[in-house]
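For reference, the structure is listed below as structure tokens.
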Amino acid sequence: MAQNALAAGSMRLSRYYLPTLKETPKEAEIASHRLMLRAGMMRQAAAGIYAWLPLGLRVLRKVEAIVRDEQDRAGCQEMLMPTIQPAELWQRSGRYDAYGPEMLRISDRHERELLYGPTNEDMLTDIFANTVRSYRDLPKLLYHIQWKFRDEVRPRFGVMRGREFLMKDCYSFDLDFEGAKRSYDRMFVCYLRTFARMGLKAIPMEAETGPIGGNLSHEFIILADTGETEVFCDRGVLDFDVLGSDIDYGDDDGIAATIGSFTSLYARTEDKHEAAAFESEVPADRRYQGRGIEVGQVFYFGKKYSEPMGAEVAGPDGQPIAVEMGSYGIGVSRLVGAIIEASHDEDGIIWPDPVAPFDVQLINLRAGDDDCDAACDGIYARLREAGLDVLYDDRDERPGVKFADADLVGLPWRLVIGPRGLKAGKVELKRRDKSIEDEVPLDQAVARLIETAGG
RNA sequence: CGGGGAGUGGCGCAGUCUGGUAGCGCACCUGCUUUGGGAGCAGGGGGUCGGAGGUUCGAAUCCUCUCUCCCCGACCA
């Protein structure tokens with residue numbers, strides 16, 4: 001929408017850099033990859049590494065803004081750590097040798113060993129250890145949104161599994177397990193809200209917890225027919241209205257209760273699925289089976305890094321205590337692909353309103369015709385004034401080309417103005433998802449757009 | 001990393017087996033005609049055939065080496 005002044009902006013398509021493709025580049029197999037290339041959102045630079053073009057960047061920024069907003073709302077504080085890290089940090093945490101060839105190792109002109117960060121536990125734990133001294137400074141939730149690099153053996157699915165990817169990672173620091181659990185719960189709820197705000201059904205599912213044990217790790221899975229993972233869950237999980245329920249981050253018990261209602265219901269990916277448990281715990285009419293994409297994970301790992309890296313605070317009795325930590329990731333760039341997987345048809349993308357690169361596609365069917373130009377220019381100005389982001393197709397192209405591009409790019413609203421309708425004083429107002437297709441008087445169309453699509 | 005496949009103009013492809021002056025569709029440029037679902041006609045521009053070496057009078061085509069990309073699997077946000 002238009003609230004974000006930085007992201008806002010309308011464009012005339014004749015001036016916009018939007019290189020759409022009629023044919024699919026042969027390297028693109030899955031829908032999101034295909035559509036992102038065809039819709040001119042990105043171009044590949046190398047395997048798993050992409051350049052974001054203006055349209056793609058708009059979406060990436062919107063997704064990022066929602067993630068940021070919800071992090072801040074949950075009490076997390078944003079910072080920014082570098083993409084390049086000294087190897088020494090990882091040698092101290094013991095991960096440098098453990099990480100393997102997935103880590104891109106580089107060296108500078110002094111032959112100092114560096115690496116392109118695949119994650120930031122080590123660095124932030126180090127920063128924290130050097131700056132926080134007392135239990136009274138806890139708890140803390142710190143996050144950043146930064147590009148990461150993992151040298152995957154086999155990058156694929158476009159932006160869904162690239163080597164370079166934009167990720168939000170948050171880290172919690174608490175004095176004891178109870179505190180760590182509160183932080184974990186807080187992030188859990190934050191994630192539910194974050195994905196819901198993007199128009200997605202994201203389901204928390206039990207995940208591997210590693211050597212720590214317990215059940216304190218969940219993957220958040222977006223439902224999408226083309227997802228890579230098979231998921232099984234109780235439909236109750238799908239019906240839960242997170243945005244409708246008023247989350248109060250000051251109310252720990254309320255948050256714990258919200259999570260309890262989620263985690264009490266069966267929800268597992270194929271790795272953890274047990275048919276017998278599924279059938280005994282979930283009534284037949286509530287069993288849901290489908291496919292999904294992992295877009296986030298929350299993880300409690302206790303003192304795994306704080307102990308080796310000396311991240312200790314003085315407790316109430318003055319004795320040093322290694323802090324309890326957790327980390328919480330969201331694949332921001334991956335989400336752009338995941339959203340498309342979850343929302344497209346054979347003609348193109350169908351953007352959920354909150355992440356759409358523009359609100360409205362205004363189509364002038366006969367650019368150069370005085371009446372059409374006048375009507376479109378007027379509407380373009382009025383919609384912009386109302387704060388809507390409009391992509392105005394004023395190109396000297398045939399209608400078929402414009403419709404095809406509009407379907408491809410997939411903006412939520414489409415306003416079509418042509419000589420035929422104009423003679424009758426009407427324009428065509430449509431939703432990309434086809435839920436609305438109306439011929440209405442021009443003023444009415446504008447009013448409806450401002451009312452429903454406006455900030 | 002195992003198994004498969006592909007590199008020829010911006011995109012999609014043919015040509016390679018059987019060596020003989022690089023082609024098609026779309027896109028692009030100019031003009032005219034068109035104009036409610038990817039227009040028609042005419043004219044035009046653009047390619048070291050991934051790279052390096054070799055064989056040959058002559059290599060996109062044959063041989064050797066190499067780089068890159070994609071798909072399936074294992075792995076992963």
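All chains are named by letter (A, B, ...) in the order of the sequence lines, taking the proteins before the strands, and each is independently numbered beginning at 1. What you see below is based on every heavy atom in this structure, not just the backbone, and it leaves out hydrogens, waters and symmetry mates. These numbers were taken from a predicted model, which means no experiment stands behind them.
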Can you check the [X] [atom1] to [N] [atom2] distance for me, whole Å?
{"X": "Leu21(A)", "N": "rG12(B)", "atom1": "CG", "atom2": "P", "value": "8 Å"}
{"X": "Lys26(A)", "N": "rC69(B)", "atom1": "NZ", "atom2": "C1'", "value": "8 Å"}
{"X": "Asp396(A)", "N": "rU33(B)", "atom1": "CG", "atom2": "P", "value": "14 Å"}
{"X": "Leu13(A)", "N": "rG38(B)", "atom1": "CG", "atom2": "P", "value": "18 Å"}
{"X": "Asp347(A)", "N": "rG37(B)", "atom1": "CG", "atom2": "P", "value": "14 Å"}
{"X": "Lys402(A)", "N": "rG37(B)", "atom1": "NZ", "atom2": "P", "value": "13 Å"}
{"X": "Ile49(A)", "N": "rU68(B)", "atom1": "CD1", "atom2": "P", "value": "12 Å"}
{"X": "Glu27(A)", "N": "rG5(B)", "atom1": "CD", "atom2": "P", "value": "20 Å"}

Describe the nucleic acid contact of [X] in one word from base, sugar-phosphate, nothing, applying a heavy-atom distance below 4.0 Å.
{"X": "Ala28(A)", "answer": "nothing"}
{"X": "Lys423(A)", "answer": "nothing"}
{"X": "Gly421(A)", "answer": "base"}
{"X": "Asp169(A)", "answer": "nothing"}
{"X": "Gly329(A)", "answer": "nothing"}
{"X": "Asp369(A)", "answer": "nothing"}
{"X": "Arg43(A)", "answer": "nothing"}
{"X": "Ala47(A)", "answer": "sugar-phosphate"}
{"X": "Lys148(A)", "answer": "nothing"}

Per-pair stack call Phe403(A) and rG36(B), 5.5 Å, 30°: no
Which value, in whole Å, describes the distance between the [atom1] atoms of nucleotides [N] and [M]?
{"N": "rG2(B)", "M": "rC13(B)", "atom1": "C1'", "value": "31 Å"}
{"N": "rA42(B)", "M": "rG50(B)", "atom1": "C1'", "value": "37 Å"}
{"N": "rA14(B)", "M": "rC26(B)", "atom1": "C1'", "value": "15 Å"}
{"N": "rG36(B)", "M": "rU8(B)", "atom1": "C1'", "value": "39 Å"}
{"N": "rU66(B)", "M": "rC24(B)", "atom1": "C1'", "value": "31 Å"}
{"N": "rA77(B)", "M": "rU68(B)", "atom1": "C1'", "value": "26 Å"}
{"N": "rA39(B)", "M": "rG3(B)", "atom1": "C1'", "value": "47 Å"}
{"N": "rA27(B)", "M": "rG45(B)", "atom1": "C1'", "value": "13 Å"}

Kindly say whether the aromatic ring centers of Phe232(A) and His273(A) come within a distance under 6.0 Å. yes
Between Tyr171(A) and Phe128(A), is the ring centre distance below 6.0 Å? no
Under a plain distance cut-off of 3.5 Å, with no hydrogens placed, do [Y] and [X] share a side-chain donor-acceptor pair?
{"X": "Asp377(A)", "Y": "Tyr392(A)", "answer": "yes"}
{"X": "Ser10(A)", "Y": "Asp389(A)", "answer": "no"}
{"X": "Asn364(A)", "Y": "Asp393(A)", "answer": "no"}
{"X": "Arg12(A)", "Y": "Tyr380(A)", "answer": "no"}
{"X": "Glu219(A)", "Y": "Thr269(A)", "answer": "no"}
{"X": "Tyr191(A)", "Y": "Glu70(A)", "answer": "no"}
{"X": "Tyr184(A)", "Y": "His218(A)", "answer": "yes"}
{"X": "Glu78(A)", "Y": "Gln71(A)", "answer": "no"}

With sequence neighbours left out, write down each residue that passes salt bridge (Lys or Arg N to Asp or Glu O under 4.0 Å) with Arg92(A), or none if nothing qualifies. Glu88(A), Asp126(A)
Result for side chain to side chain donor-acceptor pair (under 3.5 Å) between Asp405(A) and one of Gln361(A), Arg38(A), Arg395(A) points to Arg395(A)
Along RNA chain B (nearest heavy atom to each residue), the more 5'-positioned of Arg366(A) and Thr24(A): Thr24(A)
Nearest-nucleotide wise, let me know which of Lys426(A) and Phe157(A) is further upstream toward the 5' end of RNA chain B. Lys426(A)
If you check the Arg414(A) side chain, which of rG36(B), rC28(B), rG37(B) turns out closest? rG37(B)
Test for a donor-acceptor pair under 3.5 Å between the base of rG36(B) and the side chain of Glu428(A), counting only N and O atoms. yes
Between the base of rG25(B) and the side chain of Glu23(A), is one N or O donor paired with an acceptor at under 3.5 angstrom? yes
When both hydrogen-bonding distances must be under 3.5 Å and the geometry is Watson-Crick or G-U wobble, what is [N] paired with, if anything?
{"N": "rU56(B)", "answer": "none"}
{"N": "rG9(B)", "answer": "none"}
{"N": "rG19(B)", "answer": "none"}
{"N": "rU61(B)", "answer": "none"}
{"N": "rG46(B)", "answer": "none"}
{"N": "rC41(B)", "answer": "rG31(B)"}

For nucleotides 39-42 of chain B, tabulate all protein N/O to nucleotide N/O atom pairs closer than 3.5 Å, reporting atom names and distance.
{"residue": "rA39(B)", "atom": "OP2", "partner": "Arg398(A)", "partner atom": "NE", "Å": "3.1"}
{"residue": "rA39(B)", "atom": "O4'", "partner": "Arg398(A)", "partner atom": "NE", "Å": "3.4"}
{"residue": "rA39(B)", "atom": "N9", "partner": "Arg398(A)", "partner atom": "NH1", "Å": "3.4"}

Check: protein-nucleotides 74-76 of chain B nitrogen or oxygen pairs below 3.5 Å:
{"residue": "rA74(B)", "atom": "N6", "partner": "Arg156(A)", "partner atom": "NH2", "Å": "2.7"}
{"residue": "rC75(B)", "atom": "O2", "partner": "Arg161(A)", "partner atom": "NH2", "Å": "2.7"}
{"residue": "rC75(B)", "atom": "N3", "partner": "Arg161(A)", "partner atom": "NH1", "Å": "3.0"}
{"residue": "rC75(B)", "atom": "N3", "partner": "Arg161(A)", "partner atom": "NH2", "Å": "3.1"}
{"residue": "rC75(B)", "atom": "N4", "partner": "Arg156(A)", "partner atom": "NH2", "Å": "3.1"}
{"residue": "rC76(B)", "atom": "O2'", "partner": "Glu152(A)", "partner atom": "OE2", "Å": "3.4"}
{"residue": "rC76(B)", "atom": "O2", "partner": "Arg161(A)", "partner atom": "NE", "Å": "3.1"}

Chi angles and distances behind the side-chain hydrogen bond (donor to acceptor under 3.5 Å, both in side chains) call for Tyr50(A), Gln44(A): CA-CA 4 Å; Tyr50(A) 297 88; Gln44(A) 176 165 310; 3.2 Å; yes
